[in-house]
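Here's the structure we're looking at; comments come further down.
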2 protein chains.
Amino acid sequence: MIMVTPSRKPRVAADAKDGAETLDFGMLPGLVGYVLRRAQLRVFEDFIRSFEPLALRPAQFSALLLIEANPGRSQREIAAGLGIQRPNFVAMMDEFEARGLARRTRSEVDRRSHALMLTPAGTDLLVRAKAVVAEHEARATAGLSEPDRLRLLALLKAM
Amino acid sequence: MIMVTPSRKPRVAADAKDGAETLDFGMLPGLVGYVLRRAQLRVFEDFIRSFEPLALRPAQFSALLLIEANPGRSQREIAAGLGIQRPNFVAMMDEFEARGLARRTRSEVDRRSHALMLTPAGTDLLVRAKAVVAEHEARATAGLSEPDRLRLLALLKAM
DNA sequence: TATTGTTATACTCTATAACTATA
DNA sequence: TATAGTTATAGAGTATAACAATA
């Protein structure tokens, strides 16, 4: 039985930038959905800014990683792994091919499907991306000790 | 110095529903951005389903809570607290008024701004919404003990 | 001149139906 | 008949510029 205590008292600063307003957030800071969403937006903000020089969005970075680690898999398999709809993965693969980062080749065993793999340029970009993501990760978890970072990952996965 | 260990070995099930495929997720399960995003999507999925009977989206629930806890505040203040742009809050307030959940009244002190407050119907809806959110929270954190749930909230806020 | 609420607009993400070519 | 990739499309959510009323 979870109580979700209202905790009405603590008034927190809404946003220092637009006035010295103070808002009562009520039960929101006690709800995982709210706190999770806010944290995720903060982390993605830094991720997106960090990856602007490489022109990669979060989903694109994940897609390239998945293709690298699973060469020869189909679009359906990679899209399913990413949790995105198959139709929405088409444009992403189109861009990867246009930028010379990945290739589609018709599968020999099932000529309906595409075998995906990175190009050398795609592999090179991922090398740089992994350095960028390590710096991003350090910034995103700057407020946590390494044991706390691992504990956070474990708690998120246990949900 | 964070190592972001690749941990290439563990192959995890991609999705049991569409074949017995197995994908190597590489470093992704070690990145807070990725794990956070996945957890947030899972939680929101349950939230959205839970709130379908009340016809409330997550942002709408937060907005009603904020208006209830801070009656008389302006659209700019509530929108800033929610982290949404002022223009995008206009349609949400329009819907609240159309559904009889909240009201805008011109402020006496600054006739440019609107003083927001809930209607009795809005207050009633929030009573039901708070019961729904407590059940949702229990489901979302079913895999966590109460100390772990609090630890998770603390770690997310410490990031 | 600056700010509040507003309109219009655009861009990203996401979700679904339906087509084609293969199986 | 079912599936992979594709096209078209529609709906959220989000971001910015500009306007009228008011400060």
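Heavy atoms only: backbone and side chains are in, while hydrogens, waters and symmetry mates are out. Throughout, protein chains are lettered first and strands after them, A, B, ... in sequence-line order, and every chain is numbered starting at 1.
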Side-chain ion pair, Glu68(B) and Lys130(B), N-O less than 4.0 Å: yes
Across all chains, not counting sequence neighbours, the ring pair (Phe, Tyr, Trp, His ring centres under 6.0 Å) partners of Phe96(A) are none
With sequence neighbours left out, the residues meeting ring pair (Phe, Tyr, Trp, His ring centres under 6.0 Å) with Phe61(B) are Phe47(B), Phe51(B)
Of Pro58(A) and Glu108(A), the one whose closest nucleotide on DNA chain C sits nearer the 5' end is Pro58(A)
Contact boundaries of DNA chain D with chain B (under 4.0 Å, heavy atoms), 5' to 3'? dA12(D) to dA23(D)
Tell me: CD of Gln60(A) to P of dT12(C), nearest whole Å? 11 Å
For atom CD of Gln40(B) and atom P of dC13(C), their distance in whole Å: 15 Å
Before you tell me yes or no, could you show the steps for Thr105(A) and His114(A) under side-chain contact (heavy atoms from CB on, under 4.5 Å), namely the whole-Å CA-CA distance, both residues' side-chain angles and the distance that decides it to 0.1 Å? CA-CA 5 Å; Thr105(A) 49; His114(A) 288 158; over 6 Å; no
NZ/NE/NH1/NH2 to OD/OE distance under 4.0 Å, Arg149(A) and Glu146(A): yes
Exam field: side chain Arg106(A) to backbone Arg112(A), donor-acceptor pair closer than 3.5 Å: yes
Sorted by chain and number, sequence neighbours left out, side-chain contact (heavy atoms from CB on, under 4.5 Å) with Arg99(B) holds for Ala55(B), Leu56(B), Gln60(B), Glu95(B), Leu101(B), Leu125(B)
Integer-rounded Å distance: dT20(C) C1' and Arg111(A) CZ: 13 Å
The side-chain hydrogen bond (donor to acceptor under 3.5 Å, both in side chains) partners of Arg151(A) (sequence neighbours excluded) come to Asp148(A)
How would nucleotides 2-8 of chain C be written as a contact map, 5' to 3', with B for base contact, S for sugar-phosphate-only contact and - for no contact, using protein heavy atoms under 4.0 Å? BBSSBB-
